[in-house]
Amino acid sequence: MLYSYLINPTHASHRLSDVAARFSDQPLQETGERELTEAAHAVETLTPVLRDDVNALNEREVYETIDLPLAPVLLRMEKEGVRIDSAVLNSMSVTLGAEIERVGEEIFARSGHRFNIQSPRQLGDVLFNKMGLPRPLKYGKGKVVSTAQDVLEELAAHNEVPRMVLEYRQLAKLKSNYVDSLPLLADAEGRVHTTFNQVGTATGRLSSTNPNLQNIPIRTELGREIRAAFIAAPGCQLLSADYSQIELRLMAHFSGDPLLTQAYKTGQDIHTLTASEVFGVPAGQMSKETRNRAKAVNFGIVYGISPFGLAAQLGIDQHEARLYIETYFERYKGVRAFIDRLLDETRREQRVKTMFGRVRPIPDIQSRNANLRGFAERTAVNTPLQGTAADLIKLAMIRIDTKLADRKLQSRMTLQVHDELLFDVPHAEVDEVRELVQSELEHVIELNVPLVADVGVGANWRDLKS
DNA sequence: CTCCTCACG
DNA sequence: ACGTACGTGAGGAGA
């Protein structure tokens, strides 16, 4: 919100916003005199308007203590870049290309048709018309029958082709999005330089473009191979520090819920606790599966839970999901009370705020359209959590940047991935910087529960050891 | 250009 | 009855 009022095209003239967009996305060396003149004019014209907006929304605090001092930090991170091993990626490209070819031929053979697997329209035609696989009931609404992941996973029970399509898609995605594109963007030192957009999200998070370095794979083994190609600078180690469950800890802090607060104060496993409370399974004899279902419930709380969403996530029916949610709120009474208060305030004010006063308008909270209102309510719950987490890591980044400079350290902060920071750290500085970064993250502000940051160090972004 | 899909937190 | 989990960005298809 802050930045949407700062630079958002919808709030400025198209001409000026175009200039601002072009300017912000371009290296200074490649910016000509004419563009600089236009940019200067844009700044001169926009400044008084935007300053008034910031004042009107009482966003001076968040602007002056967080977003303004963060800007030069982000600039340094962009210029520093992240080192990649292009040889590793180029070799992966060859392997992936062969795999894609092989799986593609297999799909053609098993389905009995040759078609463009990457076309959802052609794929849907083959699966549902030509092969006669069961059309998903709930996804028949649009023009094209959905062939999204969850649909194909359902179909995998009936036929082997959907599973092969999912594999094909995974391989194609990794190849085109990361393996083939990143080496093209590396500079002479093998470093890639993202652009952080500080003024593009609704919650106050950063985003990362050209390339997006905030969505580098990690969740699958094959994806993690790509992370291994992100390597330390010569003479350095990579150091990564990430917050543990910061949004749920903020829920504990904001709500003051006794059970949640006590759990974090005593270092309990929160997903195991939720599983015991909601599913009634004793912590001692709990399966991974049960804990994972509880983890989905906890995620749901942060997202602004709904029976529909939880049901879809867990693959259960909505009535069962509703029971889980009711049980959750009976156990975590303070969480329910907090959400009730928050929604009341949002209905009155038609906006939510983060801990540092970052504002997001939620006009749809008053809508007579239940669908829009539902969106608005979930947004109202999620934004203070996601947005405050964004405030906190930004503040920590500013302080870390200052301390690294004050102590004349050669370590460099290179990336932010929402709840994680990445650094290039000379071997001799590892112990000191590990301590510095962890401490700044964990003590960035005092809450009524501890903030916990985990730190890992290694030669690449995949093989980190605490 | 929009839509679909899927990578991340 | 309806129908979405919150927040992003990128590549490919198809118009």
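In what follows, every chain begins at residue 1, and chains take the letters A, B, ... in the order their sequences are listed. Keep in mind that what you see is a predicted model, and the values were worked out from it rather than measured.
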Measure the shortest side-chain to side-chain distance between A:P384 and A:K353 over non-hydrogen atoms and say whether it is less than 4.5 angstrom. no
Q: Determine the contact category for A:N215: base if any of its heavy atoms lies under 4.0 Å from a base atom, sugar-phosphate if only primed atoms, P, OP1 or OP2 are that close, otherwise nothing.
A: base
- Query: Are OP1 or OP2 of C:dG14 and a side-chain N or O of A:Q122 less than 4.0 angstrom apart?
  - Reply: yes
- Which part of the nucleic acid, if any, lies within contact of A:F308, taking any heavy atom under 4.0 Å across all strands shown: a base, the sugar-phosphate backbone alone, or nothing? base
As its Watson-Crick or G-U partner within any shown strand, both distances under 3.5 Å, C:dA1 has none
**Prompt:** With sugar-phosphate meaning primed atoms plus P, OP1 and OP2, does A:D242 contact a base, only sugar-phosphate, or nothing at under 4.0 Å between heavy atoms?
**Reply:** nothing
Applying a 4.0 Å non-hydrogen cut-off, can you work out what A:V417 is touching in the nucleic acid: base, sugar-phosphate, or nothing?
sugar-phosphate
Considering only heavy side-chain atoms of A:Q118, the closest of C:dG12, C:dT4, B:dC8 is C:dG12
Considering only heavy side-chain atoms of A:N371, the closest of C:dG3, C:dT8, C:dG7 is C:dG3
Checking all strands, does A:T379 fall into the base, sugar-phosphate, or nothing category for heavy-atom contacts under 4.0 angstrom? sugar-phosphate
Taking the side chain as every heavy atom from C-beta outward, state whether A:L310 and A:I325 have any pair of such atoms under 4.5 Å apart.
-> yes
A:N298 atom CG is separated from C:dA5 atom P, nearest whole Å, by 20 Å
Looking only at B:dC8, C:dA10, C:dG11, the nucleotide nearest the A:N210 side chain is C:dA10
Regarding the side chain of A:A296, the nearest nucleotide among C:dG7, C:dA5, B:dA7 is C:dA5
* Asked: Should A:R378 be listed as having a side-chain N or O under 4.0 Å from OP1 or OP2 of C:dC6?
  -> yes
Students often get this wrong, so: under 4.0 angstrom with heavy atoms, is A:A370 touching a base, only sugar-phosphate, or nothing? nothing
| What nucleic acid atoms does A:L206 come within less than 4.0 Å of, heavy atoms only: base, sugar-phosphate, or nothing? | nothing
When rounded to whole Å, the CG to P distance for the pair A:L166 and B:dA7 reads 9 Å
Would you classify A:L310 as touching base, sugar-phosphate or nothing, given that sugar-phosphate means primed atoms plus P, OP1 and OP2, and contacts are heavy atoms under 4.0 Å? base
- Task: Look at A:D257 together with A:R331 and state whether they make a salt bridge at an N to O cut-off of under 4.0 Å.
- Result: no
> Just to confirm, is there a sub-4.0 Å distance from OP1 or OP2 of B:dA7 to any side-chain nitrogen or oxygen of A:N212?
Replying inline: no
Whole-Å distance, A:R224 CZ to B:dA7 P, equals 13 Å
Are A:S207 and C:dG9 close enough that a side-chain N or O sits under 4.0 Å from OP1 or OP2?
yes
note: A:D454, atom CG; B:dG9, atom C1'; distance rounded to Å ~ 15 Å
Discussion item. Strictly below 4.0 Å: does A:Q149 bring a side-chain N or O up to OP1 or OP2 of B:dA7?
Written reply: yes
Item checked: Student check: side-chain heavy atoms of A:T346 and A:Q350 closer than 4.5 Å -> no
| message | Under 4.0 Å, heavy atoms only, any strand: does A:A390 hit a base, just the sugar-phosphate, or nothing? | response | nothing
Rounded to whole Å, CG of A:L421 lies from P of B:dG9 at a distance of 14 Å
A:R227 CZ to B:dA7 P, in whole Å, measures 13 Å
* Asked: Do any side-chain nitrogens or oxygens of A:R169 fall under 4.0 Å of OP1 or OP2 in B:dC6?
  -> yes
inquiry  = Taking only the P atom of each, what is the distance from C:dA1 to B:dC6 in whole angstrom?
reply    = 32 Å
Heavy atoms under 4.0 Å, any strand shown: does A:E247 hit a base, just sugar-phosphate, or nothing? nothing
Between A:D463 and A:R227, is there a salt bridge with N-O shorter than 4.0 Å? no
A:F375 has its side chain closest, among C:dT4, B:dA7, B:dC8, to C:dT4
Next on the checklist: Show, in sequence, the C-alpha distance, side-chain angles and deciding distance for A:R412 and A:F423, and conclude whether the side chain to side chain contact (heavy atoms under 4.5 Å, CB included) test is met.
Outcome noted: CA-CA 5 Å; A:R412 297 287 181 257; A:F423 299 81; over 6 Å; no
Per nearest nucleotide of DNA chain C, the residue lying toward the 5' end, A:Y303 or A:S119, is A:Y303
| said: Under 4.0 Å, heavy atoms only, any strand: does A:G374 hit a base, just the sugar-phosphate, or nothing? | reply: nothing
> Is a donor-acceptor pair below 3.5 Å formed from side chain A:R121 to base C:dG14, judging by atom type as modelled?
Replying inline: no
A:Q386 atom CD is separated from C:dC6 atom P, nearest whole Å, by 11 Å
ask   = Is A:K295 salt-bridged to A:E289, going by a charged N under 4.0 Å from an acidic O?
value = no
Next item on the list: Using the P atom on both, measure B:dT5 against C:dC2 and round to a whole Å.
Entry: 22 Å
* Any donor-acceptor pair under 3.5 Å joining the side chain of A:R219 to the base of B:dG9? -> yes
Counting C-beta onward and ignoring hydrogens, is there a side-chain heavy-atom pair between A:E440 and A:L436 closer than 4.5 Å?
yes
Separation of B:dT5 atom P from A:E167 atom CD, nearest Å, is 19 Å
Side-chain contact check for A:I218: nearest option of B:dC8, C:dA5, C:dG11 is B:dC8
Does A:T147 have a side-chain nitrogen or oxygen under 4.0 Å from the phosphate oxygens OP1 or OP2 of B:dC4?
no
Taking C:dA5 as the reference, what is the distance to B:dT2 when you measure between their C1' atoms (whole Å, please)? 24 Å
